[in-house]
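What follows is a set of notes on a single structure, which appears directly below.
Every chain is numbered from 1, with letters handed out A, B, ... down the list of sequences. The shown structure was predicted, so the numbers you read here are calculated from the model rather than taken from an experiment.
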2 protein chains.
Amino acid sequence: MTGLRERQKAHRTRRILETSSQLFRQVGYGAVRIDDIARAAEISVGTFYNYFETKGDLLLAIVSMEVEEVHDFGKTLLADPPADVARALARLIGGYYDHSLVYLSKEMWRTAMAITIEAPATRFSTRFTDLDRMLTDQVCALLAELQRRAVVRPDIDTRALGEVVFNNLNAMFIEFVKDDAMTLPQLNDCVARQNAPLAALISC
Amino acid sequence: MTGLRERQKAHRTRRILETSSQLFRQVGYGAVRIDDIARAAEISVGTFYNYFETKGDLLLAIVSMEVEEVHDFGKTLLADPPADVARALARLIGGYYDHSLVYLSKEMWRTAMAITIEAPATRFSTRFTDLDRMLTDQVCALLAELQRRAVVRPDIDTRALGEVVFNNLNAMFIEFVKDDAMTLPQLNDCVARQNAPLAALISC
DNA sequence: CTTCAAAAATGAACGAACTCAATTATTTTC
DNA sequence: GAAAATAATTGAGTTCGTTCATTTTTGAAG
C-alpha cells in the first residue's frame with residue numbers, strides 16, 4: 001500500500017517540475033531563483049534540495065522528459081522509414097529538432113548541455129547522457145534497418161557511421177542553440193548538406 | 001609611444017594569466033577563488049574584473065592559447081600529410097588530442113566547453129568559437145589537399161565531409177574529458193574506428 | 001492511545017562570483 | 001607646472017546557490 005509519505009513525495013516532485021518548468025519558460029532559467037521555485041511549489045528552499053541535487057539537476061530532469069519524447073518519435077519513424085538514405089536521415093533528424101523545441105527554450109538547452117559536460121555525475125546528468133546514447137543507437141538502428149532493406153550497401157559499418165551522424169547532428173544542434181538568430185530551417189538545411197555526401201556514398 | 005598605462009595593462013594581463021593557469025593546474029579550476037587569483041597576481045578583486053569579464057572568460061583565454069598551438073601543429077601537418085586518408089586523419093586528430101592535454105586538465109576542458117555553450121557571447125568565448133571554426137577549416141583543408149593529390153576521389157564534397165569529421169572528433173573529445181577513466185589511446189582508437197568507413201568510401 | 005525512531009521539512013547561515021560608489025593614478029590641456 | 005579630465009583601482013556590499021543543525025511529521029511497536 002502506498003503510504004502518505006510516498007504520495008506526498010510524488011506529489012511534490014511533480015509540483016516542483018511543473019512550476020519550475022513554467023517559470024523557466026516564462027522568465028528564463030537564469031532569472032529564476034531557487035527561492036522562486038520553492039515559493040511557487042509551496043515548499044522551503046531546504047526541501048527543494050531533498051528532491052533535486054542542484055538547480056541544474058532539476059533542469060536536466062525537465063530536459064530529459066523532453067528527450068524521452070524525442071526518442072519515442074524516433075521509434076515510430078523507425079517502424080517505417082523512407083526508402084532513401086538522405087530522406088530517412090532528414091526525417092529522423094528533423095523530427096528530433098522539431099520536438100526538442102516544443103517546451104524548451106534555447107537558453108534551457110544551452111544550460112542543460114553545459115551542465116552535462118561540466119557536471120556529468122549528477123543523477124539527471126547521467127540520465128541525460130543515457131538518453132543521448134539511446135538516440136545514437138536509434139540513428140545506428142535506422143541505418144541498419146535501411147541496410148536490411150537493401151537501401152544501404154551491405155558492406156557499410158552502420159554502427160560507426162551512425163555514431164558519426166549522431167555526433168554531427170548533435171554538434172549542429174549545439175551551434176543552433178548557441179546562436180539565437182539561427183532558425184530551424186537553417187539548421188535542417190545545414191545538416192542535410194553535411195549528410196548529403198555520406199548518404200550518396202553509402203546508398204546502393 | 002607606449003605609455004605607462006599601456007605597459008601596466010599588458011604586464012597585469014600576463015600576470016593574471018600566468019598565476020591563474022598555474023593555480024588552475026595545481027588545485028583545479030573549481031577550487032580557485034577569484035580572491036586567490038587576485039592575491040596571487042597582486043591586484044584587487046575589482047581590478048580582476050577590469051581585465052576579464054568573468055572567471056570563465058579567464059579560463060577560455062587560457063584554453064584559447066592552447067588551441068592556437070593545436071592549430072599551429074595542424075598547419076605543419078597539412079604541409080606534408082600522409083598519402084592515405086585514414087592515416088592522415090589519424091595523424092591530424094591524434095595531434096590535436098595530444099597537444100590539447102599538455103597544459104590543461106580534463107576539468108579545465110570540461111569547464112571551458114561548458115562555458116562556450118552556456119555563455120557564447122563573452123570576449124574569449126567568441127575567440128574560442130573562432131578557433132573551433134579554424135580547426136574545422138583545417139580538417140576540410142586536409143581533405144581538399146588529399147583530393148588535390150588524387151588520394152581522395154574528385155567528386156567528394158570535402159567541405160561537408162570535413163565538417164562532419166570535425167564535429168565527430170570534437171564530440172568524442174567531449175566524451176573523453178567527461179570521463180576521467182578514458183585514456184588517450186582509447187579515444188584515438190574510438191575515433192579511428194568511426195572514421196574508417198568514411199576513409200574507405202572517399203579514397204580513390 | 002503513547003512512545004519512539006526514522007524520515008522529511010525548515011530557514012538562517014555560509015561561500016563565492018560579481019558589482020559599484022568612492023578613491024587614486026595617469027594623461028591632457030592651457 | 002597646475003588644473004581638469006580621463007582611466008584604473010579598490011574592497012566592502014550584494015546576490016544567489018547550497019548546506020546543516022534544529023524542528024516537525026510520519027509510521028510502527030507495544
Side-chain angles (χ1 to χ4, degrees), chain A residues 1-17 19-20 23-24 27-62 107-108 111-112 114-115 118-119 121-125, chain B residues 1-17 19-20 23-24 27-62 107-108 111-112 114-115 118-119 121-125:
Chain A
M1 192 55 175
T2 73
L4 177 56
R5 278 211 172 132
E6 220 169 321
R7 263 179 293 132
Q8 275 193 339
K9 198 150 191 171
H11 174 253
R12 281 190 164 156
T13 303
R14 198 153 30 80
R15 201 158 161 66
I16 293 171
L17 285 169
T19 55
S20 65
L23 283 173
F24 288 163
V27 299
Y29 173 83
V32 176
R33 294 163 305 155
I34 301 295
D35 194 53
D36 297 329
I37 296 169
R39 201 182 308 274
E42 291 171 303
I43 56 173
S44 74
V45 169
T47 298
F48 171 85
Y49 284 94
N50 281 346
Y51 288 81
F52 296 93
E53 294 178 38
T54 64
K55 185 185 176 188
D57 201 42
L58 166 64
L59 175 64
L60 287 179
I62 294 168
E107 187 212 14
M108 286 168 79
T111 312
I115 291 166
E118 201 177 1
T122 227
R123 178 147 85 105
F124 284 103
S125 206
Chain B
M1 191 52 174
T2 71
L4 174 57
R5 273 202 180 144
E6 218 170 323
R7 265 179 292 132
Q8 276 192 339
K9 198 149 192 172
H11 174 253
R12 282 192 163 156
T13 303
R14 198 155 28 80
R15 203 162 159 62
I16 294 172
L17 285 169
T19 54
S20 65
L23 284 173
F24 288 163
V27 300
Y29 173 83
V32 176
R33 292 163 306 154
I34 301 295
D35 193 55
D36 298 327
I37 296 169
R39 201 182 309 273
E42 291 172 304
I43 56 172
S44 72
V45 170
T47 299
F48 171 86
Y49 284 95
N50 280 346
Y51 287 79
F52 297 92
E53 293 178 40
T54 64
K55 186 185 175 189
D57 201 42
L58 165 63
L59 175 64
L60 288 178
I62 294 168
E107 187 212 13
M108 286 169 80
T111 312
I115 292 166
E118 200 177 0
T122 227
R123 179 147 85 103
F124 284 103
S125 205

> What is the distance from CZ of F48(B) to P of dA16(C), rounded to the nearest Å?
Replying inline: 15 Å
> D35(A) CG to dT14(D) P: how many Å, rounded?
Replying inline: 18 Å
>> If you assign I34(A) and G46(A) each to the DNA chain D nucleotide with the nearest heavy atom, which residue ends up on the more 5' nucleotide?
In response: I34(A)
>> Rounding to an integer number of Å, can you tell me how far H11(A) NE2 sits from dA8(C) P?
In response: 17 Å
> Can R123(B) and F52(B) be said to form a side chain to side chain contact (heavy atoms under 4.5 Å, CB included), step by step?
Replying inline: CA-CA 8 Å; R123(B) 179 147 85 103; F52(B) 297 92; 5.6 Å; no
> Is R5(B) touching bases, backbone alone, or none of the nucleic acid, heavy atoms closer than 4.0 Å?
Replying inline: base
>> Is there a side-chain contact between T47(B) and the phosphate of dA8(D), meaning an N or O under 4.0 Å from OP1 or OP2?
In response: no
> Nearest to the side chain of S44(A) - dG17(D), dA9(C), dA8(C)?
Replying inline: dA9(C)
>> Does I43(A) form a side chain to side chain contact (heavy atoms under 4.5 Å, CB included) with R15(A)? I'd like the steps, not just the answer.
In response: CA-CA 10 Å; I43(A) 56 173; R15(A) 201 158 161 66; over 6 Å; no
> Would you say R12(A) reaches dA9(C)'s phosphate, i.e. side-chain N/O to OP1/OP2 under 4.0 Å?
Replying inline: yes
> If only atom types and distance count, is the side chain of S125(B) paired as donor or acceptor with the main-chain N or O of A119(B) below 3.5 Å?
Replying inline: yes
> side chain to side chain contact (heavy atoms under 4.5 Å, CB included) between Y51(A) and K9(A): does it pass, once the steps are laid out?
Replying inline: CA-CA 8 Å; Y51(A) 288 81; K9(A) 198 150 191 171; 3.6 Å; yes
> For the pair made of OH in Y49(B) and C1' in dT14(D), what is the distance, rounded to whole Å?
Replying inline: 13 Å
> Is any side-chain nitrogen or oxygen of K9(B) closer than 4.0 Å to OP1 or OP2 of dA8(D)?
Replying inline: yes
> Side chain of N50(A): nearest nucleotide among dG17(D), dA8(D), dA9(C)?
Replying inline: dA9(C)
>> Both T54(B) and V45(A) contact DNA chain C. Taking the nearest nucleotide for each, which residue is further toward the 5' end?
In response: V45(A)
> Is a salt bridge present between R39(B) and D36(B), judged by a nitrogen-to-oxygen distance below 4.0 Å?
Replying inline: no
>> Heavy atoms only, 4.0 Å cut-off, all strands: where does Y51(B) land among base, sugar-phosphate and nothing?
In response: sugar-phosphate
> Quick one: I43(B) CD1 to dA25(C) C1', roughly how many Å, whole number?
Replying inline: 16 Å
>> Just the rounded figure in Å: distance from P of dA17(C) to NZ of K55(B).
In response: 5 Å
>> Quick check on dT26(D): is either OP1 or OP2 less than 4.0 Å from any side-chain nitrogen or oxygen of Q8(A)?
In response: yes
>> Categorize R7(B) for me: base, sugar-phosphate, or nothing, with a 4.0 angstrom heavy-atom threshold over every strand shown.
In response: nothing
> Separation of D57(A) atom CG from dG17(D) atom P, in whole Å?
Replying inline: 15 Å
> How close or far is atom P of dA8(D) from atom CZ of F52(B), stated in whole angstroms?
Replying inline: 15 Å
